[in-house]
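Report on the following structure.
The residues of the chain are indexed from 1 along the displayed sequence.
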Amino acid sequence: MRYNFPEIKNKPASLIQQLNKIVEEAAEVIKARDDIERLYEVLDLMHACETYVRIMESKGVVIDKLVEFIIKKNKERGYYDMA
């Protein structure tokens, strides 16, 4: 799995804590006052999501296979511009 952000030093104690962080970050996206602030918050949300994925990966979940499945599913739904 390729990540966009560096790994954080102190991961949360539980997946639920990280999910709560994701929800907090999503709320900040919604509250953003303009497009630049919203983009900043979206990137922060992405970082929180990546941290969740890293936690799952550390538990032995094979992330690449799940990513392949999602890409295949979305490709079949016509979500990608494959030109």
*asked:* Keeping H47 on the side-chain end and P6 on the backbone end, is there a donor-acceptor pair under 3.5 Å?
replied: yes
*What is the distance from atom CD of E57 to atom CE of M1, rounded to the nearest 0.5 Å?*
7.5 Å
*Do L15 and M56 touch side chain to side chain, with heavy atoms closer than 4.5 Å?*
yes
*Out of curiosity, does V62 fall in the hydrophobic cluster containing Y52 (side-chain heavy atoms, cut-off under 4.5 Å, transitive links)?*
no
*Rounded to the nearest 0.5 Å, what's the gap from CD on E50 to CD on Q18? Could you check?*
11.0 Å
*Under the side chain to side chain donor-acceptor pair (under 3.5 Å) rule, what pairs show up with a residue in residues 23-35, not counting sequence neighbours?*
K21-E25, R33-E37, D35-R38
*Under a single-linkage definition using a 4.5 Å side-chain heavy-atom cutoff for Ile, Leu, Val, Met, Phe, Trp and Tyr, are V53 and L43 assigned to the same hydrophobic cluster?*
yes
*Enclosure of K65 NZ (heavy-atom neighbours >12, cutoff 6.0 Å)*: no
_Applying a strict under-4.5 Å side-chain criterion to I, L, V, M, F, W and Y, I'd like to know whether M46 and I8 cluster together._
no
*So do T51 and F5 actually touch side chain to side chain, heavy atoms under 4.5 Å?*
no
*Specify the closest pair of heavy atoms between Y80 and I71, including all atoms of both residues, with the distance to one decimal.*
CE1-O, 3.3 Å
*pair C49-L45: side-chain heavy atoms closer than 4.5 Å*: yes
_Taking I16 as the starting point, is it possible to reach I55 by hopping between hydrophobic residues whose side chains are less than 4.5 Å apart?_
yes
_Hydrophobic cluster membership, with links at side-chain heavy-atom distances under 4.5 Å among I/L/V/M/F/W/Y: are V29 and Y40 in one?_
no
*Got a salt bridge between K72 and E68, using NZ or NE/NH1/NH2 to carboxylate O under 4.0 Å?*
no
